[in-house]
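First up is the structure itself, then whatever we jot down about it.
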Amino acid sequence: MTPTVAPPVLFLSEISATFCLILILLVPLANIGLALVNTGLGRARSAAHSMLAALCVTAVAALVYVIVGFAWQGAASHPDHVLTVAGKAWGWIAAEPFFLRGLRLDFSPTTLVILLQMLSVGLAGLIPLSSGSDRWRLGAICASTALLAGFTYPLFAHWIWGGGWLAQLGANCGLGRGFVDGGGSSTIQVVGGLTALSITWILGPRRGKFSTDGMPAALPGHNAVLVLLGCLLAWIGWIALNSAGAMLFVAAGTGRVPLIAVNTTLCAAASALTAAVVTRVRFGRPDASLSANGWIAGLVASSAAAAFLNPAAAMIVGGVAGILVVTTADFLEFQLAIDDPGGAISVHALGGVWGVLAVALLADAGARGQWLAQLVGIATLLGFVLPLTYGLNWLLDRVYRQRVEREGELQGMDLFELGAGAYPEFDIHGDEFLQR
Amino acid sequence: MKMAGFLLLIAGWAIVVAAVALLPSAGARVAFVLAGVAVELFGLGLAVRAHLVLPAEGE
């Protein structure tokens with residue numbers, strides 16, 4: 001294991017760097033949008049808790065990422081530790097200092113990468129919030145986010161965006177351009193989605209979600225307006241995220257940003273409309289929350305390939321994402337008894353995996369062996385990231401119980417953990433409508 | 001069953017990584033990567049089954 005130097009430094013002219021910085025400063029809109037979606041899809045009696053948790057996640061993620069996260073992730077132009085196997089060097093973890101010591105935070109691509117990643121890791125941390133809605137303690141949320149931002153996310157992100165072994169699949173094995181993910185379908189979305197799955201498994205379902213005969217009860221979100229407003233805000237943030245990511249991680253020029261914006265929008269539009277049509281056909285009326293989830297799933301799926309798709313392919317990517325999100329949400333709930341209030345697993349984990357595959361199937365960048373590189377990346381998410389994130393959260397649960405006490409679920413997280421509700425002038429309903 | 005599922009997930013990934021790092025022939029590499037993914041899917045199935053909630057527990 002020796003430190004080595006990965007590919008040449010990414011060069012950005014001053015104008016490009018300024019443009020990239022402006023894009024990065026718009027990325028928090030994706031975080032805000034996702035926080036609103038999560039809160040709207042949750043229950044009224046936990047709304048303040050949900051928004052405070054989003055704020056805490058963003059804060060913890062940024063702090064922990066700067067303290068230790070970037071040290072593991074690094075950047076493609078920086079030294080990392082390598083394992084030499086069969087004569088080939090494979091980068092597996094970065095060799096950066098903690099607390100960003102010694103790094104000049106100026107107008108360089110490395111600084112822009114750090115800034116974008118501080119925001120992206122917060123976005124990844126927001127994803128499990130919706131799956132743990134109404135039963136996940138605030139302290140546990142912060143601790144779990146610290147594990148995500150401090151280790152799981154940076155390690156996997158190094159393998160793709162830091163010049164690690166997945167990025168090297170092209171140079172070392174001739175598998176296309178190596179694993180390609182411009183905007184984070186895998187690093188942000190699937191990592192967050194698999195953490196959401198782990199949290200759902202560890203916490204178990206909400207009280208009253210499943211009746212004694214195993215049938216799930218409908219626990220509808222409390223505010224569709226918040227959900228749909230969140231979708232629109234997330235759209236702007238996602239365009240910025242996909243564009244900045246493509247500029248920094250796949251060396252797309254500024255001239256490619258309009259194409260990325262068009263493709264991101266087309267993906268989201270096709271996905272939301274497909275979800276609306278599918279729910280209209282299945283239930284007789286379009287479902288607002290599933291259509292909103294379709295919109296987000298389209299954004300998620302667009303991230304990996306937006307820089308490489310033509311507009312028709314972007315519509316296909318979105319359409320498939322819309323079908324996927326509606327069908328798998330029901331499957332997870334009815335067949336696998338997974339209580340995921342915000343649909344994070346179907347939207348982020350499955351939508352992200354589809355986005356990663358779309359690079360190989362539909363993108364112009366598709367080179368010989370690209371599909372195998374993408375498949376190796378998906379296998380890594382499944383076989384490494386899922387056991388890792390589950391194991392870390394399981395250990396955390398042994399040390400510090402993650403699920404709130406019974407009284408907390410009955411009262412609602414707002415009153416139990418914060419002492420006040422989000423809507424003090426309104427009556428908040430209890431569980432009287434649930435099956436018993 | 002839960003532990004077996006997660007161990008299979010990791011074992012499948014190990015097969016994939018070994019295939020990519022060690023096998024020079026493209027055909028063998030593809031075959032072993034697909035085999036590794038199949039092992040992972042089997043492991044995921046076991047992990048999902050282990051987490052199926054009995055109605056009494058969900059209440």
Side-chain angles (χ1 to χ4, degrees), chain A residues 83-88 90 92 165-166 168-169 172-175 179 194 197-198 200-217 331-332 335-339 368-369 371-373 375-388 390-391 394 434-436, chain B:
Chain A
L83 286 171
T84 303
V85 180
K88 292 169 187 163
W90 300 91
W92 70 280
W165 69 274
L166 282 170
Q168 292 170 311
L169 287 173
N172 280 351
C173 299
L175 301 184
F179 185 86
L194 292 177
L197 175 62
S198 304
T200 309
W201 277 344
I202 289 166
L203 294 178
R206 288 168 290 178
R207 290 182 60 77
K209 176 63 187 175
F210 294 102
S211 64
T212 46
D213 60 357
M215 282 302 290
F331 180 76
L332 291 172
Q335 304 299 322
L336 305 184
I338 290 175
D339 181 17
R368 194 165 169 274
W371 72 273
L372 196 58
L375 190 62
V376 170
I378 292 169
T380 304
L381 285 161
L382 210 53
F384 177 81
V385 173
L386 178 58
L388 177 67
Y390 184 90
W394 183 85
L434 291 179
Q435 300 173 41
R436 291 290 179 188
Chain B
M1 192 154 66
K2 187 195 301 182
M3 184 63 81
F6 281 108
L7 285 176
L8 280 175
L9 279 171
I10 296 166
W13 179 61
I15 294 171
V16 170
V17 172
V20 167
L22 299 175
L23 297 176
S25 131
R29 192 185 286 152
V30 169
F32 273 83
V33 167
L34 291 177
V37 171
V39 171
E40 285 188 2
L41 291 177
F42 186 55
L44 183 64
L46 277 184
V48 167
R49 243 185 106 73
H51 284 93
L52 278 177
V53 181
L54 296 174
E57 295 172 42
E59 193 54 43

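Just so we're on the same page: letters track the sequence lines, and every chain starts at 1.
- Heavy-atom distances place the side chain of B:L34, and not its backbone, under 4.5 Å from chain A.
- Here CZ of A:R206 is found 4.0 Å from CG of A:D339. Values are rounded to the nearest 0.5 Å.
- Distance check, rounded to the nearest 0.5 Å: CH2 of A:W201 to CG of B:L52 gives 9.5 Å.
- Side-chain contact between A:L382 and B:L41 is present, with heavy atoms from C-beta onward closer than 4.5 Å.
- Among the residues in residues 23-32 of chain B, those with a non-hydrogen atom closer than 4.5 angstrom to a non-hydrogen atom of chain A are B:R29, B:V30.
- Looking at B:I10, the atoms closer than 4.5 Å to chain A (heavy atoms on both sides) sit in the backbone and in the side chain alike.
- Side chain of A:K209 to main chain of A:A217: a donor-acceptor pair is present (N/O by atom type, distance under 3.5 Å, no hydrogens or angles).
- Only the side chain of B:V16 comes within contact range of chain A, with at least one heavy atom under 4.5 Å from a heavy atom of that chain.
- Heavy-atom distances place the side chain of A:L372, and not its backbone, under 4.5 Å from chain B.
- Looking only at side-chain heavy atoms (C-beta outward), A:L386 and B:F6 come within less than 4.5 Å of each other.
- When heavy atoms are compared at a cutoff of 4.5 Å, B:V48 approaches chain A by way of both its backbone and its side chain.
- The shortest distance between side-chain heavy atoms of A:W165 and A:T380 falls below 4.5 Å.
- A tilted orientation is assigned to the rings of A:F384 and B:W13, their planes being inclined by 30° to 60°.
- Two residues are said to be in side-chain contact when any heavy atoms from C-beta on lie closer than 4.5 Å; B:V20 and A:W90 meet this criterion.
- Of the atoms belonging to B:V39, not a single heavy atom falls under 4.5 Å from chain A.
- Between A:Q168 atom CD and A:W92 atom CH2 the span is 13.5 Å, to the nearest 0.5 Å.
- Only the side chain of A:L169 comes within contact range of chain B, with heavy atoms under 4.5 Å apart.
- Checking each of A:L375, A:V376, A:I378 against B:V37 for a side-chain contact (heavy atoms from CB on, under 4.5 Å) leaves exactly one that passes, namely A:L375.
- For A:I338, no part lies under 4.5 angstrom from a heavy atom of chain B.
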